[in-house]
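Every value quoted in this text rests on a predicted model; they were computed, and no experiment measured them. In listed order, ligands and their atoms are each counted from 1. Side chains are part of it too, since the values below use all heavy atoms of this structure and drop only hydrogens, waters and symmetry mates.
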Amino acid sequence: MKNIIVLVSGGGTNLQALIDSQERGDIKGGRITCVISSKPGAYALERAAKHNIKTRVIARRDYSDTIEYSRAILSALDEEKADLVVYAGFMTILDELVVKAYPNKMMNVHPALIPSFCGKGYYGLRVHEEVLKKGVKLTGATVHFVTEVCDGGPIILQKAVEIQDGDTPEILQKRVMEQAEWKILPQAVSLFCEDKLEVRDGIVHIKN
Ligand code: GAR
């Protein structure tokens, strides 16, 4: 069984999708063993506690810089014997020392179809605001491996979602979560835990 560590900063609906999927038996070969939050009081911590999942708070505000914070996260991941690290609405930038220690073992869910609407400054509601400003007709979500390039790692799964008349950033965010993020994140985690993901030359291949 692989140890899945989930990193969160906020509401934790993606964490909830992972927990629900785990409870349905849909995550084969792994289990969530710890949830780490960068913010004390994040609702995601309550979601984990309700399901008897260990929680830890490593508050960003307690560290003076990114390197010190990244070292603290790295020691926690090592202590928890992480096999897979999932960024589920984790809104803190980590130094590359963390990704280098867990190559192709960290994944992130991003609320757009990468390479559109991604990179520095594109997070949370901001992404959906930009999508609506641009007037694209399709958006969606992407799960990708984390590398030192922000939102630039190998793409694991993507799902498209249509923009509708009258969408606000909030309405669109909810649709993207329901129709895409909450589906593809648990799927990607399960594929990883079943050893079905292979990365060759920066491309993810899914084995049968
Ligand atoms: C999700 O939409 C996630 O894709 C996004 O933040 C939200 C967190 O919601 N992440 C990013 O924008 C990262 N670049 P949640 O806490 O309810 O899962």
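Under a 4.0 angstrom heavy-atom cut-off, Phe90 registers as lying outside contact with ligand 1. No heavy atom of Val127 sits closer than 4.0 Å to any atom of ligand 1. Heavy atoms of Gly12 come nearer than 4.0 angstrom to ligand 1 in at least one pair. Contact analysis puts Met91 in contact with ligand 1, with a non-hydrogen atom separation below 4.0 angstrom.
A search for side-chain hydrogen bond (donor to acceptor under 3.5 Å, both in side chains) contacts involving Glu46 returns nothing, not counting sequence neighbours.
Considering backbone and side-chain N/O atoms, Leu15 never comes within less than 3.5 Å of an N/O atom of ligand 1. An N or O contact shorter than 3.5 Å is missing between Asp151 and ligand 1 by distance. Not one N or O of Asn108 is nearer than 3.5 Å to an N or O of ligand 1, by distance alone. Ligand 1 has no nitrogen or oxygen under 3.5 angstrom from a nitrogen or oxygen of Gly10. For ligand 1, the polar-atom distance check against Tyr123 finds no nitrogen or oxygen pair separated by under 3.5 Å.
Counting heavy atoms from C-beta on, the side chains of Val8 and Val6 come closer than 4.5 Å.
For atom 3 (C) of ligand 1, the nearest non-hydrogen atom of the protein is Glu181 OE1, 3.2 Å.
Met106 and Ile155 fall into different hydrophobic clusters, defined by Ile, Leu, Val, Met, Phe, Trp and Tyr side-chain heavy atoms under 4.5 Å apart, directly or through other members.
Residue pairs meeting the salt bridge (Lys or Arg N to Asp or Glu O under 4.0 Å) criterion with at least one partner in residues 144-169, sequence neighbours excluded, are Asp167-Arg175.
Side-chain contact check for Gln16 and Asp20: at least one donor-acceptor pair (N or O, by modelled atom type) lies under 3.5 Å.
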